[in-house]
Structures are given as C-alpha cells and as structure tokens.
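Let me begin by presenting the structure, written as structure tokens, before commenting on it.
Just the heavy atoms: all of them, side chains too, but no hydrogens, waters or symmetry mates, feed the values below. We number each residue from 1, following the sequence as shown. The structure presented is a predicted model; accordingly, all values stated were derived computationally and were not measured. Both ligands and their constituent atoms are indexed starting at 1 by order of listing.
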Amino acid sequence: MSSNGNASGEVFYPPEHIIRQANQPDYDAIHQAMLDDLAGTWGAIARDEFEWFKPWDKTLDDSEAPFYKWFVGGKVNIVHNALDRHTQTWRRNKVALLWEGEKYEQRSYTYHQLEREVCRFASVLRAMGVNKGDRVTIYMGRIPEIVIAMLACAKIGAVHSVVYGGFSVEALHGRIEDSQSKVAITADGAWLRGNIVPLKEIMDEALQRAPTVQTVIVVKRTGQDIHMEPGRDLWYHDLMNLPIAETCIPTEAVDAEDPLFLLYTSGTTGKPKAILHTHGGYMVGVATTLKWVFDLKEEDTWWCAADPGWITGHSYIVYGPLLLGATSVMYEGAPNHPFPDRWWDVVERHGVTVLYTAPTAIRGLMRFGDAWPNRHDLSSLRLLGSVGEPINPEAWKWYYRVIGKEQCPIMDTWWQTETGGFMITPLPSTPLKPGSATRPFPGVVVDVLDEDGSPVGPNEEGYLVIKTPWPAMLRTVYGDPDRYVEQYWSRFPGMYMTGDSARRDEDGYIWVIGRVDDVIKVSGYRLGTAEIESALVSHPSVAEAAVIGVPDEVRGSVIQAYCILVAGMEPTQRLVEILRDHVAHEVGPIAKPASIEFVDALPKTRSGKIMRRVLKARALGQDEGDLSTLEQ
Ligand code: PRX
C-alpha cells in the first residue's frame with residue numbers, strides 16, 4: 001500500500017481475530033456483487049434479514065429519478081423489526097436499552113419491556129388524535145422516553161420530527177411550523193453538567209410563535225416547577241397511567257415508502273430543510289451498515305455517544321441497534337461530568353464493547369491527559385468509531401493508543417443526515433490510515449469531480465459525489481421537492497452532490513476535507529450560516545450580519561460573526577455579549593458566536609450575495625482569491 005495519503009503515511013492493519021470474526025469479511029466480493037446487481041443484492045438482504053407483512057414488487061424503482069423508491073409495494077414497519085419480532089424469540093428478556101442518567105441513575109428496558117412502553121405510548125398518541133402520516137415534534141434530552149416516543153410514532157405510522165434539545169426558541173418554532181405538528185412531546189427540563197436546560201419553557205415560547213400545536217405531552221425529568229397550559233399540556237406519566245395506555249396494540253402495516261421521520265438540517269441557503277426518510281429502505285440500510293461496519297454480535301454492548309436528536313442518534317442509538325437485537329447504551333450527560341473520566345467509567349461499568357463518538361469529544365477528553373482513561377479497565381472494547389467531521393491524525397492515534405490499547409480498529413464513518421447510514425467507511429478488515437474514512441460502503445460508488453464534472457487526479461481536491469442510489473437515502477425535502485432536486489441533483493446531473501470536498505489517494509482511499517457550502521460544523525453539529533445570521537438580524541440593533549466558521553482545536557470550528565449595526569447603535573463589548581446571548585436564545589447555545597466584530601460594510605457580490613469566502617480568508621490571513629465579482 002502506498003503512503004501518500006496522510007502526512008506520515010502510516011497504515012494500521014487490523015488484528016487477525018477481528019478479521020476472522022467479521023460479519024462481512026470480504027469487502028471486494030460483496031462490493032462487486034452489489035455493483036453487478038445492486039437491486040438483487042439489496043433485495044436478498046432485505047428478504048433474509050427482516051420480516052415484511054407483504055413482499056415488495058420492485059426492489060429499486062428509478063423511473064422517476066432522483067425520486068428513487070426502494071421495496072416498492074412492500075408492507076412493513078420498522079418497529080415490527082426493531083421490537084416486535086425480537087419479543088417472539090429468546091431476546092424478549094435481553095436488555096434493549098441501557099440508560100444512565102447524569103446523576104448516575106440507571107434504567108434498563110428489555111425488548112419485552114420496551115415493546116410494552118411503546119405500545120402504551122402509541123395508544124396514548126392515538127387517543128390524542130395522532131393518525132398515520134401526522135407529524136409529531138419531539139424535543140427532549142437524552143432520556144429513554146425520547147426513544148419510546150420515536151418508536152411509538154413509527155408504530156402507528158406517524159412521522160416523528162425530533163428537534164435536538166440543544167436548539168432553542170426560534171429553531172424549534174421554525175421546525176414545528178414547517179412540519180405542521182399538532183402534537184409535541186417534551187420534558188420539564190434536561191440535565192446538563194448539573195444545570196437544568198429549561199426545555200418546557202423554550203417550548204412554551206416557541207409555541208407562542210407556532211400555534212399549530214394543540215397538545216403538549218410533558219415528561220417529568222428534572223422536577224422543577226413549570227407552567228402547564230390548561231387544555232394543552234398533559235403529563236406523560238398521567239397519560240401512561242390511564243386505561244387508554246394499552247400494553248398490547250398491533251403495529252401498523254405501512255408501505256415501505258411511507259415516511260418514518262423528518263429531520264431538519266442546514267444546507268446551502270435559507271431555512272433548515274426537512275430531510276425525509278422512509279420505513280423500508282432506511283430500515284434495511286441502517287441495520288446492514290451497522291452490522292457490517294461495527295460487526296455487532298449478540299453479545300455486544302454498543303454505545304453510540306451521540307444525541308438522539310441528530311441523525312447519528314436516530315440511526316445508531318435507536319433504530320440500527322434495535323433492528324439487530326443488540327443492547328444500546330444511552331448516557332444522558334456531558335462526557336466530563338462530574339469528572340473527565342465519566343465516559344471511561346461508563347465503558348468500564350457497562351462493559352461496552354463498541355464505542356462510537358465524534359472527533360470533537362475525543363479531542364476534548366484527550367486534553368485531560370492519559371491518566372483519566374488509564375485508571376479504568378477498558379479491555380471490554382473491541383472496536384471504536386468516529387463520525388461528524390474529519391478526525392485529525394493526532395486525535396485518531398490517541399483514541400487508538402490510549403482508549404483502544406492498539407487492539408481496536410477505528411471505523412471512521414463518513415455520512416450525512418441525508419444518507420441515513422454510513423457511506424464511506426472501513427469494515428473491520430480494512431487497513432486504516434488515520435484521517436481517512438477509507439473506502440465506500442459496498443455498493444456505493446463515489447467520485448471526486450472538478451468544476452466541470454470531470455474526475456480529478458489522485459490526491460487532488462474536488463467535489464465529492466455519489467453515483468449510485470442506496471436504500472437509506474433521503475427521499476425528498478419534505479414539502480419542497482424542487483429544493484431536493486435543485487440542492488442535491490442539479491450541480492452534476494444524475495449524481496448526488498454531498499456538499500463536501502475530498503481527495504482520493506492512489507489506493508482509492510477517500511480523505512474528506514470539509515463542506516464547500518455554507519454549513520459550519522461546530523463540535524460536529526451541523527449549523528447553517530443563514531439560521532445564525534437571521535437570529536442576529538432579528539435583534540433590533542443589527543442591520544446586517546454574516547457568519548463564518550474558523551478553525552478551533554477542540555471544536556473543529558467556531559463561529560465568527562460580523563455585524564453592521566443600525567444607525568446610532570454603539571458598538572460596545574456589552575452589545576457583543578447581548579448579541580451572543582441572543583443567538584443562544586434563538587438558535588441554541590451551540591450556535592453562539594465565539595466572537596462578534598462590528599463592521600461598516602460586508603464584502604458582497606454585485607448581486608448582493610455576501611462573500612463569506614472573502615471574510616474567511618481575511619480572518620485567517622489568507623489570500624482572498626478571485627475578487628472579480630466583488631462589489632467595489
Ligand atoms: O461534512 C461531512 C461531515 O458531516 C457532514 C454531515 O453532517 P450531518 O448531516 O450533521 O451528519 C453528521 C453525522 C453523520 C458531512 O457532509 N462528516 C460526517 N462524518 C464525517 C464527516 N467529515 C469527515 N469525516 C467523517 N467521518
């Protein structure tokens with residue numbers, strides 16, 4: 001293997017026993033089988049590994065591409081496969097969800113117990129008037145009820161729209177309004193580093209701006225006094241104790257192509273868009289990717305340390321592990337609370353065998369030194385994973401050496417909200433180069449293109465595109481099919497535009513560089529410039545605003561904002577703090593700018609578009625590039 005890929009050219013080969021036990025030992029053979037017959041190979045997996053109420057007529061329908069359809073005519077429900085079928089086997093009494101609260105409380109649900117809770121809450125939702133196809137907004141912290149709520153929606157064919165608990169008023173309002181949810185589910189609060197995030201208060205404020213919601217169901221988590229709006233707000237525990245909460249209701253047979261969930265994400269311009277995923281294809285995609293990449297076995301205890309409010313949590317805390325009948329760990333709090341070894345303590349106490357997290361968390365914990373992980377027995381670990389942004393080789397090696405003791409290959413998985421599951425990723429048998437997500441998942445064909453759509457040479461940077469459909473792909477942008485076509489399929493016709501730039505080395509390994517659009521990754525969280533800018537200009541003192549991401553050692557990037565103040569406003573340090581808090585209040589603490597600069601003008605094109613590229617170059621002291629379109 002050549003060595004140009006990373007600076008030091010190091011390649012890490014997986015231990016023999018890891019290769020020997022792999023669920024999918026032969027990458028080349030299965031990749032080739034998929035390339036030869038994509039629909040046939042996925043069809044065989046879908047038939048053999050899942051239960052369908054009615055078989056499909058056509059595995060892949062590309063007649064209306066890019067509106068691809070999978071398993072057309074099939075009847076299924078992801079919840080039947082994630083819960084119901086396991087309760088018919090010995091797995092009934094196996095732990096499905098193992099939860100640890102920030103204050104060390106523990107709760108576990110066997111498949112049987114989880115199925116009962118989901119039935120009860122599904123029948124509560126029905127009694128609240130939620131029908132098939134209705135959208136339900138879920139806004140909660142990392143507690144078991146979020147999983148129960150998601151599965152309960154899916155069970156009755158309703159469409160969940162989870163909003164990350166770190167988002168705030170305007171972000172929540174926009175997502176509720178766009179989805180037209182009539183029912184929302186939240187909690188009185190969430191614990192974070194010993195503090196309470198006032199989820200219900202934020203929900204109340206968002207609902208003043210979005211009156212579509214008729215019912216709010218509130219889980220009691222933190223126990224502080226909250227306002228309950230008469231006629232609208234109901235306690236989860238009250239509803240679950242009523243006779244309407246039946247413990248055994250049938251799972252709705254839905255079409256494979258029926259919507260399962262919406263998940264809002266930021267894109268090139270404008271408001272966040274709702275990515276739509278479906279029951280059939282998503283089910284087959286997430287389970288298969290998890291099974292092959294992280295090699296889940298019956299005896300594994302899997303911990304995806306993401307938040308359920310993002311795609312990583314949807315696919316790999318909730319659906320993927322349950323579809324495989326695994327034990328999924330969920331931890332409520334911060335990695336370093338109360339001490340920097342909290343995560344390693346969780347790994348040790350629960351005997352976690354596979355840990356999946358983000359580079360930002362690894363870098364954050366690495367800062368505390370080796371002594372914290374070293375005081376724990378981490379020998380239960382077999383594989384490690386990374387997601388969300390490129391992992392720098394230094395963090396990769398620390399993770400590999402200090403956490404994995406050089407025995408656990410690291411699966412650096414590249415994918416997106418839109419892709420539903422892993423797209424570029426090693427399998428356990430893949431030789432690894434720190435910083436590269438290695439090769440496409442079997443059946444996925446990627447390319448790296450120049451401006452004109454021609455493939456670039458080895459190690460040259462270009463646009464990362466995907467050339468084959470895959471089962472867990474997004475189906476559309478909810479309510480805006482034109483935007484789906486325009487944003488993903490128009491730049492290079494017939495190909496899916498990822499929005500990322502990448503290089504491919506001479507071994508065919510992909511090195512993802514980062515976004516080429518207006519998306520900023522802060523601690524691995526995906527934020528759009530437009531959402532933050534509109535929060536800034538919603539403050540009466542700001543006339544215009546532009547934000548960029550600038551590199552940060554731990555968080556990957558942080559937000560830097562430029563504001564033009566309305567005439568007469570004083571550019572004070574106090575105003576900087578007010579505006580930072582205002583963004584946190586409107587969008588969420590993760591969107592809070594690290595710095596705000598007051599300026600008299602912003603670089604714009606003649607058509608009035610802000611040239612963020614120029615701002616970024618200036619901030620980093622780099623060449624400003626081609627300025628021919630800049631308005632002088
Ligand atoms: O830029 C890529 C980056 O995260 C983006 C997708 O963000 P989101 O939809 O929030 O999903 C994150 C979790 C799947 C991508 O366009 N990204 C994700 N994983 C990696 C990555 N960049 C480099 N390496 C990765 N492993």
> Do NZ/NE/NH1/NH2 and the carboxylate oxygens of E506 and K433 come within less than 4.0 Å?
Replying inline: no
>> Heavy-atom contacts with ligand 1 below 4.0 Å: which residues, ordered by chain and residue number?
In response: I311, T312, V387, G388, E389, P390, D412, T413, W414, W415, Q416, T417, D500, V512, R515, K521, R526
Using a 3.5 Å cut-off and no angle test, enumerate the donor-acceptor pairs between side-chain atoms of residues 440-452 and protein atoms at least two apart in sequence or in another chain.
residue: D447; atom: OD1; partner: R504; partner atom: NH2; Å: 2.7
residue: D447; atom: OD2; partner: K467; partner atom: NZ; Å: 2.9
residue: D450; atom: OD1; partner: D452; partner atom: N; Å: 2.9
residue: D450; atom: OD1; partner: G453; partner atom: N; Å: 3.0
residue: D450; atom: OD1; partner: S454; partner atom: N; Å: 2.9
residue: E451; atom: OE1; partner: Y463; partner atom: OH; Å: 3.4
residue: E451; atom: OE1; partner: R491; partner atom: NH2; Å: 2.8
residue: E451; atom: OE2; partner: Y463; partner atom: OH; Å: 2.8

> Going from CD1 on I78 to CG on L260, what distance comes out if it is rounded to the nearest 0.5 angstrom?
Replying inline: 5.0 Å
>> Going by the rule ring pair (Phe, Tyr, Trp, His ring centres under 6.0 Å), which residues pair with F261 if we only count those two or more places apart in sequence or in a different chain?
In response: H160, H277, Y282, H314
>> If the condition is ring pair (Phe, Tyr, Trp, His ring centres under 6.0 Å), which residues does H31 pass it with, not counting sequence neighbours?
In response: Y27
>> Please check: side-chain N/O of K521 versus main-chain N/O of G388, any donor-acceptor pairing under 3.5 Å?
In response: yes
